[in-house]
There are 4 protein chains.
Amino acid sequence: MRRKEGDKASEILNAAIRIFARDGFDKAQVSAIAAVAGVGTGSIYLYFTGKTNILHIIFSRFWDHLSQEMATLQNRDPLFRLNDQLGLFFDHLAADRDLARVYLREHHRFLETATAQERHGYAAALETGRAAFLEIATGRGDGSPQPDQVGMDLSQAFLFGGVRSALEFLLSSDIPAEKVRSNMLTMAMAGILAATRRPER
Amino acid sequence: MRRKEGDKASEILNAAIRIFARDGFDKAQVSAIAAVAGVGTGSIYLYFTGKTNILHIIFSRFWDHLSQEMATLQNRDPLFRLNDQLGLFFDHLAADRDLARVYLREHHRFLETATAQERHGYAAALETGRAAFLEIATGRGDGSPQPDQVGMDLSQAFLFGGVRSALEFLLSSDIPAEKVRSNMLTMAMAGILAATRRPER
Amino acid sequence: MRRKEGDKASEILNAAIRIFARDGFDKAQVSAIAAVAGVGTGSIYLYFTGKTNILHIIFSRFWDHLSQEMATLQNRDPLFRLNDQLGLFFDHLAADRDLARVYLREHHRFLETATAQERHGYAAALETGRAAFLEIATGRGDGSPQPDQVGMDLSQAFLFGGVRSALEFLLSSDIPAEKVRSNMLTMAMAGILAATRRPER
Amino acid sequence: MRRKEGDKASEILNAAIRIFARDGFDKAQVSAIAAVAGVGTGSIYLYFTGKTNILHIIFSRFWDHLSQEMATLQNRDPLFRLNDQLGLFFDHLAADRDLARVYLREHHRFLETATAQERHGYAAALETGRAAFLEIATGRGDGSPQPDQVGMDLSQAFLFGGVRSALEFLLSSDIPAEKVRSNMLTMAMAGILAATRRPER
DNA sequence: CATGAATGAGGTTTCATTCAT
DNA sequence: TATGAATGAAACCTCATTCAT
């Protein structure tokens with residue numbers, strides 16, 4: 001009588017996403033997660049060190065998976081690659097709206113309290129995006145020896161914020177994900193181009 | 001024997017912003033707010049119905065002020081007007097980093113639980129931005145009778161998300177606000193243009 | 001623009017009876033009493049030492065008045081006198097149902113915490129009843145030198161309990177006070193007779 | 001490793017009776033109950049929904065037990081049966097003076113706030129007494145087709161009030177319970193007879 | 001490994017009382 | 001006298017975490 005897939009830890013993570021999405025992290029009760037996961041309350045602590053740890057692992061796994069998939073995107077054109085990366089990020093969250101909800105409301109906790117180890121996948125994903133960005137900037141470069149790193153990081157952040165809002169929009173409306181996705185990417189691409197365009201002479 | 005500046009309610013709101021920024025809404029203690037405000041714990045309840053109400057009023061006042069200032073922006077070119085609006089939004093939050101922090105982490109609670117009355121300023125600000133957006137879309141229009149409203153709302157959301165991330169970036173770095181602001185606006189403008197551009201023939 | 005009758009203290013006492021009847025002593029708020037009395041909250045403390053003191057004075061005045069009226073009952077037959085006394089007690093509370101409610105629920109606090117001074121009227125009323133009782137017992141006596149004082153006190157208490165329940169009954173029904181009163185007195189008289197009857201030979 | 005006697009819920013109820021008797025319901029602290037019961041404060045809420053619920057269950061159990069025992073009283077003479085019922089009521093409370101104290105001061109809360117379910121035993125006890133009363137009234141009847149129901153209810157209430165006062169008397173004196181009991185029943189019987197006696201021709 | 005009964009620290013809110021005006 | 005804004009102590013209840021079984 002095995003559960004659909006994966007071990008008990010995954011069951012718990014999955015249940016936690018539902019509960020965090022419904023109640024928010026602070027109001028969420030560990031016992032509720034256990035109930036949804038179909039395990040005893042105490043069993044949670046066999047797999048996780050506590051409620052916060054569950055949240056960390058949720059995002060840790062999310063970013064691990066995402067960064068791995070991002071690494072497989074091989075489009076030669078860095079602009080399209082970045083486009084694909086953002087699309088992938090959007091798709092992963094659009095596919096699990098509860099997870100998206102948790103991302104929107106609780107991801108800051110992950111960044112604030114997770115260990116470097118737990119943030120590894122996140123850092124990797126960020127770096128992958130950064131690489132594409134750099135390639136765009138230098139590729140268009142006509143010799144510019146020092147692309148503005150700060151500006152690039154900010155641009156990258158800006159795009160993430162845009163995708164974030166697109167997800168928020170998706171959750172609060174009945175618009176098909178595909179339409180939101182394409183609109184969102186249109187703006188993102190334009191933003192990238194603007195950000196990497198060299199200041200007028 | 002008046003208080004330093006403003007009434008006691010404002011003192012409490014101000015203190016709450018500091019505490020919410022430091023501890024987050026859920027962990028924030030009313031007694032800590034009272035201590036920072038220099039009033040007795042019970043006095044909080046003379047001015048507010050509870051902790052949640054304080055949060056609502058913080059954002060309610062913020063949006064009321066902002067929407068009023070946004071209404072004064074009179075640039076004839078809607079694109080520049082929108083640019084000014086986003087800048088204004090950014091400036092208000094960049095000027096009070098604790099408030100920005102609270103905005104980033106707790107604004108969703110405001111949208112989820114505040115009354116329509118409390119959300120009035122927010123709605124007004126949104127509408128002001130929407131109007132500029134519509135003007136851009138139709139102004140550029142060559143007869144297009146029905147600008148895509150959903151697309152416009154999404155674009156607006158996208159921009160807010162971008163500004164949001166710019167603020168997040170600002171808080172986590174030592175970059176001067178001015179630099180973040182200009183970079184952010186560059187991307188925003190490019191996004192707007194892309195969003196309102198008619199699909200290629 | 002004087003109030004109907006009496007001074008501010010009486011207004012407060014009257015208001016307190018309404019509030020105590022409605023909310024119970026513990027839940028009753030001093031500010032609510034002040035509001036009903038039409039005075040400022042702080043003014044309460046010009047006339048009374050606190051909430052408990054108000055309760056004490058309510059009952060103190062009640063018993064003072066009652067004991068004085070009881071002293072005027074001059075029926076020569078002690079049985080009828082006792083009957084009149086119980087009737088008087090009933091009438092006073094039946095005439096002010098809020099006061100009756102307060103009596104039913106809070107009188108024990110008066111006995112437990114009031115000073116001897118405050119309980120003076122109560123003691124006097126009790127003594128008046130006791131005297132009638134004793135007269136009945138000895139009057140019927142055929143030489144019994146020592147009427148059973150304990151038994152008499154208990155009998156008196158029993159009667160008070162009966163009247164108490166009659167009042168409770170009155171408050172929870174629509175029966176006319178007069179009917180309740182007469183039924184109640186019928187039982188009381190029978191009880192008295194039984195209590196003072198000498199054990200069968 | 002079982003607890004001394006009974007389950008933890010009973011321990012808590014027992015402790016609550018002591019604390020309610022000592023401090024009154026409103027002043028009683030849940031933590032004090034827990035301490036006396038020898039459990040953690042939080043454990044209270046595993047067995048009861050709150051402080052009020054504890055009070056309800058105390059009286060609910062009391063009346064359940066009492067009504068069951070009352071049902072076993074089989075004296076053919078309804079007068080003696082009623083006598084036994086009152087005696088039983090007295091005995092149960094005289095046997096636990098703290099419970100008696102709680103009854104005297106807090107029973108009205110039970111009647112005012114308990115659910116019909118919780119009041120079931122109370123209603124049953126009342127009905128048992130009513131039945132005996134009716135039997136007395138009709139048994140003595142010489143054809144009276146409609147005994148005065150209101151008068152009977154009032155008489156029953158009167159008796160309960162008398163027993164109530166007897167208990168109050170018992171608590172405030174050193175008189176042996178047995179003496180209080182017999183005196184009390186003497187008066188009660190006389191009252192019943194008077195109440196059920198047909199008005200003189 | 002698994003459980004869930006038990007714990008107790010901790011926080012929001014109420015309200016009797018005070019006192020500056 | 002009269003006021004009512006201000007106070008702050010106090011208490012119910014929740015829930016993350018533990019541990020005996």
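Letters go in sequence order (proteins before strands), and every chain restarts at 1. Computed from a predicted model, the values in this text were never measured in an experiment.
If you run salt bridge (Lys or Arg N to Asp or Glu O under 4.0 Å) between C/D96 and each of C/R18, C/R61, C/R101, only C/R18 comes through.
Residues C/G42 and A/I44 each lie close to DNA chain E; by heavy-atom proximity, the contact nearer the 5' end of the strand is made by A/I44. Residues D/S43 and C/A28 each lie close to DNA chain E; by heavy-atom proximity, the contact nearer the 5' end of the strand is made by D/S43. Comparing A/D26 and C/T41, the nucleotide of DNA chain F nearest to each residue sits closer to the 5' end for C/T41.
Across all strands shown, F/dT21 forms a Watson-Crick or G-U wobble pair, both distances under 3.5 Å, with E/dA2. Nucleotide F/dT7 forms a pair with E/dA16, judged by Watson-Crick or G-U wobble geometry with both contacts under 3.5 Å.
Here the P atom of nucleotide F/dC15 and the CZ atom of A/F25 are 13 Å apart, to the nearest Å.
Using modelled atom types, one side-chain atom of D/K51 and one backbone atom of D/A28 make a donor-acceptor pair closer than 3.5 Å.
Residue D/Y45 places its side chain closer to F/dC12 than to any other of E/dA6, F/dC12, F/dT7. For A/Q29, counting side-chain heavy atoms from C-beta on, the closest listed nucleotide (F/dA16, E/dT3, E/dT12) is F/dA16. Taking only side-chain atoms of A/L46, from C-beta outward, the nucleotide of F/dA2, E/dT3, F/dA5 with the closest atom is E/dT3.
In summary, C/E112 and D/R105 engage in a salt bridge, as defined by a charged side-chain N under 4.0 Å from a carboxylate O.
Dashed line: the shortest gap from a side-chain N or O of D/Y47 to OP1 or OP2 of E/dA6 is under 4.0 Å. Between B/K51 and the phosphate of E/dT13, there is no side-chain N or O to OP1/OP2 separation shorter than 4.0 Å. Between A/K8 and E/dA2 there is a side-chain N or O to OP1 or OP2 distance below 4.0 Å.
Ring orientation note: the planes of B/F59 and B/F62 are nearly perpendicular, at an angle over 60° on the 30°/60° scale.
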